[in-house]
Amino acid sequence: MMRLGLCCKFSAAEIKFPVTTALSAGRLKPAARRAKLAGLCRANAAALAQALNCCAANGIGSFRVNSQILPLKTHPALGYRLPDLPGGGEIVKSFKACGALARRLGLRLTFHPDQFILLSSENPKITESAVGELEYQAEVAGWIGADVINIHGGGAYGDKAAALARVAKAINKLKPAVRSRLVLENDDRVYTPADLLPFCREHRVPFVYDVHHHRCLPDGLGVGKATELALATWNREPLFHLSSPKEGWRGPDTRSHHDYIDLKDFPAAWRGLDVTIEVEAKAKELAIARLRAQLAAKGWI
DNA sequence: AGCGGTCAAGTTGAT
DNA sequence: ATCAACTTGACCGCT
């Protein structure tokens, strides 16, 4: 079975994951701030349950959870622990209920921490805050049963091998809750599949193959070969990313994402695979519905 | 209710 | 020097 995955949000369905800004929350007195944050966390748990039901009802097989599902959770000044928020225990229960719901609906859940989350930095403070963020996402992942926390290689700082050596060092220090979920994805600026595949094999980190990034930043590997090597890095259902360029492959910048997926961008090598394909398209669930219909018509799903 | 300025965080390459 | 890209425009204070 091939799953198509939705990333973080909906376009037509009225499901919102509310957040706040540090400035706004920071202006409040502590009690009011805790009340506000608790309300946001509660609303996000409720929205997640809605999202899971909506995915299941629309033939969407996986859902990527937004990094701000607990808003400002790891902010250096405003970060908090759920037990310190009013009703914190109930909020955790709501997330665990989302986990049970996802299991019942057969949905896979994933995380994709922001671009700021780097394990390659030369600055230990950056790595430290990245690890804090990974630990937060891993805790929520445990509640809801998410098996993936996906990040990029980060910067190269002029020496990719040295940067990847720092990633390896950081990975080896991660707590099991993070380490067991951590996966690495090729990006469209720095780290290609050819850069990451040997690293992923050596360190037993599953490799998320983003074919759009690969087409924007090629490395001599063909799509078929990269697919085959990526599949071999997984000890569970493999995860791929798919998108189409906003202004076509002849446009000024092929990196930005189109509203929908052009079927021509769906790799022949992916036909009929038992994998999760996260669809990175602006039209969200509408793009998935269209792609799914097109794949089904061809018998490729 | 609608509008516009603003938003925690790092790195890269195009302009 | 600024901007856009990276997963996603949404929030908030003002009128």
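The sequence lines fix the lettering, A, B, ..., with proteins before strands; numbering per chain opens at 1.
- At the heavy-atom level, A:P18 lies under 4.0 Å from the strands shown only through sugar-phosphate atoms.
- C:dC3 and B:dG5 have their P atoms separated by 14 Å, with the value rounded to a whole Å.
- The stretch residues 116-130 of chain A touches DNA chain B through A:F116, A:L118, A:S121, A:I126, each having a heavy atom under 4.0 angstrom from the strand.
- Spacing of P atoms, C:dG9 relative to C:dA4, comes out at 14 Å, to the nearest Å.
- Within 4.0 Å of A:R255, counting heavy atoms only, lie sugar-phosphate atoms of the nucleic acid but no base atom.
- Rounded to whole angstrom, the span from the NE2 atom of A:H152 across to the C1' atom of B:dT12 amounts to 13 Å.
- For residues 69-93 of chain A, every residue pair satisfying the salt bridge (Lys or Arg N to Asp or Glu O under 4.0 Å) rule, not counting sequence neighbours, is listed here: A:R81-A:D84, A:E90-A:K93.
- A:D262 has a carboxylate O that lies under 4.0 Å from a charged side-chain N of A:K264, or vice versa, which qualifies the two as a salt bridge.
- One P atom belongs to C:dT2, the other to B:dT6, and the distance between them is 15 Å to the nearest Å.
- Chain A approaches DNA chain C within less than 4.0 angstrom (heavy atoms of the protein), and the contacting nucleotides run 5' to 3' from C:dA5 to C:dG13.
- Heavy-atom distances under 4.0 Å link DNA chain B to A:G155, A:A156, A:Y157 of residues 153-170 of chain A, given in residue order.
- Computed from coordinates, the A:D253 CG to B:dG13 C1' distance equals 10 Å when rounded to whole Å.
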Extract all donor-acceptor atom pairs below 3.5 Å that involve side chains of residues 27-49 of chain A and protein atoms in other chains or at least two apart in sequence.
| from | atom 1 | to | atom 2 | distance (Å) |
| --- | --- | --- | --- | --- |
| A:R33 | NE | A:A25 | O | 3.2 |
| A:R33 | NH2 | A:L28 | O | 3.2 |
| A:N44 | ND2 | A:P18 | O | 2.9 |
| A:N44 | ND2 | A:L40 | O | 2.8 |

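- Among the heavy atoms of the strands lying under 4.0 Å from A:K282 are primed sugar atoms or P, OP1, OP2 only; no base atom is included.
- At a non-hydrogen distance threshold of 4.0 Å, nothing from residues 30-51 of chain A comes into contact with DNA chain B.
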Query raised in the report: Pairing of DNA chain C as dot-bracket, 5' to 3': ( ) intra-strand, [ ] crossing, | other strand, . unpaired, with Watson-Crick or G-U pairs under 3.5 Å?
Result: ||||||..|||||||
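- If you check residues 3-13 of chain A against DNA chain B, you find no residue with a heavy atom closer than 4.0 Å.
- Applying the side chain to side chain donor-acceptor pair (under 3.5 Å) rule to A:W300 yields no partners; only residues at least two apart in sequence or on another chain are considered.
- Summarising the geometry, the separation between CG on A:D114 and P on B:dA8 is reported as 12 Å, rounded to the nearest angstrom.
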Query raised in the report: How does protein reach along nucleotides 1-6 of chain B, written 5' to 3' as B (base within reach of a heavy atom under 4.0 Å), S (only sugar-phosphate), or - (no contact)?
Result: ------
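- Contacts of residues 209-222 of chain A with DNA chain B (heavy atom under 4.0 Å): none.
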Identify each donor-acceptor pair in which a side-chain atom of residues 141-151 of chain A lies under 3.5 Å from a protein atom, sequence neighbours left out, and give them as a table.
| from | atom 1 | to | atom 2 | distance (Å) |
| --- | --- | --- | --- | --- |
| A:D147 | OD1 | A:R108 | NE | 3.0 |
| A:D147 | OD2 | A:R108 | NE | 3.4 |
| A:D147 | OD2 | A:R108 | NH2 | 2.9 |
| A:D147 | OD2 | A:R236 | NE | 2.9 |
| A:N150 | ND2 | A:E185 | OE1 | 2.9 |

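- Spacing between atom CD of A:Q137 and atom C1' of B:dA9 amounts to 13 Å, rounded to whole angstrom units.
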